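Keep in mind it's a predicted model, so treat the numbers as computed, not measured. Just so it is clear, the values below take in all heavy atoms, side chains as well, and ignore hydrogens, waters and symmetry mates.
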Amino acid sequence: MIAFVSGQVAALTPTLAVIEVGGVGMAVQCTPNTIAGLRVGEQARLATSLVVREDSLTLYGFADDDERQVFELLQTASGVGPRVAQAMLGVHTPDALRVAFAAGDAKALTAVPGIGPKGAQKLLLELKGKLGAPGVAVGAQRAPAAAGPAPWTEQLTAALIGLGYASRDAEEAVSAVTPQAEAAIASGGSAPVPQLLRAALQSLNRAR
């Protein structure tokens, strides 16, 4: 996982920042608000979330860790992918979203392009209580979880490296199966490492 990137801003567009990290330009998708805080030629540090798909690797960037964690939590709702989650953060700050969910404010959610009244009601039901109380960052509420990677991720990464895969490939495969693990945990169970290993191997085979 790429938790953050830090380096000189090489280029900016309305939705993309290129950060030079060790001589490599990292293309990071950002909201207009985040872009507005950056300047070409200046140093920047962006919290990031890597979204892995069969045909792409996309890095999303955020002003701070709280914004990134809200971005990831929003995607636990059915029908919310990274683009919709980023659009929500482009319209509302993390705290504004917490207020909207706490108050059941569907109108605030329909202000986001692509979210209609029915979709807003569905999101209110699925995400109620997940973002936490207004004024308290997600990381502050979940301090134990933020202390380090979940045990299942370490087990899975170690197993893949033991099978001969490079560390980077192993980390990308773990990212690909993370939604499956989180769904199992959210339903009250634990991450099924054997099944996750099989799914991770399938994703690696497809990538070849």
Side-chain angles (χ1 to χ4, degrees), residues 1-7 10-11 13 15-31 34 44-89 138-139 142 145-187 189-208:
M1 298 290 287
I2 302 175
F4 69 90
V5 295
S6 179
T13 75
T15 59
L16 186 80
V18 178
I19 309 296
E20 184 177 344
V21 181
V24 176
M26 305 286 285
V28 187
Q29 297 284 336
C30 302
T31 65
T34 301
R45 182 187 187 280
L46 295 175
T48 56
S49 179
L50 179 64
V51 176
V52 180
R53 296 288 184 264
E54 286 191 24
D55 58 349
S56 66
L57 294 174
T58 306
L59 201 59
Y60 290 84
F62 309 93
D64 54 40
D65 291 337
D66 181 41
E67 193 173 70
R68 178 190 61 200
Q69 290 174 327
V70 169
F71 169 79
E72 293 173 347
L73 284 170
L74 290 171
Q75 293 177 74
T76 63
S78 59
V80 177
R83 292 190 182 279
V84 173
Q86 189 179 52
M88 294 173 75
L89 286 165
V138 176
R142 301 189 175 195
W152 72 265
T153 64
E154 296 178 334
Q155 294 172 10
L156 192 55
T157 302
L160 291 168
I161 292 174
L163 290 171
Y165 290 97
S167 296
R168 180 179 177 181
D169 292 336
E171 290 173 358
E172 290 174 358
V174 170
S175 296
V177 301
T178 293
Q180 182 180 337
E182 290 177 343
I185 295 169
S187 65
S190 58
V193 175
Q195 292 94 318
L196 292 172
L197 179 58
R198 286 195 291 270
L201 290 170
Q202 289 174 356
S203 73
L204 286 166
N205 290 334
R206 286 195 298 268
R208 287 182 172 179

Can you name the closest pair of heavy atoms from Glu172 and Leu57 and give their distance?
OE2-CD1, 3.4 Å
Flag side-chain contact, heavy atom, 4.5 Å: Phe62 against Leu89:
yes
Closest heavy-atom contact between Ala200 and Val177?
N-CG1, 3.6 Å
How many angstroms lie between atom OG of Ser203 and atom CZ of Arg53, to the nearest 0.5 angstrom?
12.5 Å
Are any non-hydrogen side-chain atoms of Thr34 and Glu67 less than 4.5 angstrom apart?
yes
For the atom pair CD (Glu72) and CD (Glu182), what is the distance rounded to the nearest 0.5 Å?
7.5 Å
Spacing of Ser49 atom OG and Asp65 atom CG [to the nearest 0.5 Å]:
11.5 Å
Heavy-atom nearest pair, Ser175 first then Val52, reads CB-CG2, 3.8 Å
Over all atoms of both residues, closest heavy-atom pair of Gln86 and Tyr60
NE2-CD2, 3.5 Å
Please indicate whether Arg83 has more than 12 foreign heavy atoms, meaning atoms of other residues, nucleotides or ligands, lying under 6.0 Å from its CZ.
no
Interatomic distance, CG@Asp169 vs OG1@Thr157, rounded to 0.5 Å, equals 11.5 Å
Do the side chains of Leu59 and Gln29 get nearer than 4.5 Å, heavy atoms only?
no
Compare every heavy atom of Gln180 with every heavy atom of Ala199, then report the nearest pair and how far apart it is.
CB-OE1, 3.7 Å
Check: Arg68 side chain, Phe4 main-chain N or O, donor-acceptor pair, under 3.5 Å:
no
Using 0.5 Å steps for rounding, measure from the CG atom of Leu46 to the OG atom of Ser6.
8.5 Å
Which atoms form the tightest heavy-atom contact between Leu204 and Ala173, and what is the distance?
CG-CB, 3.7 Å
Beyond-backbone contact of Met26 with Ile2, side-chain heavy atoms, under 4.5 angstrom
yes
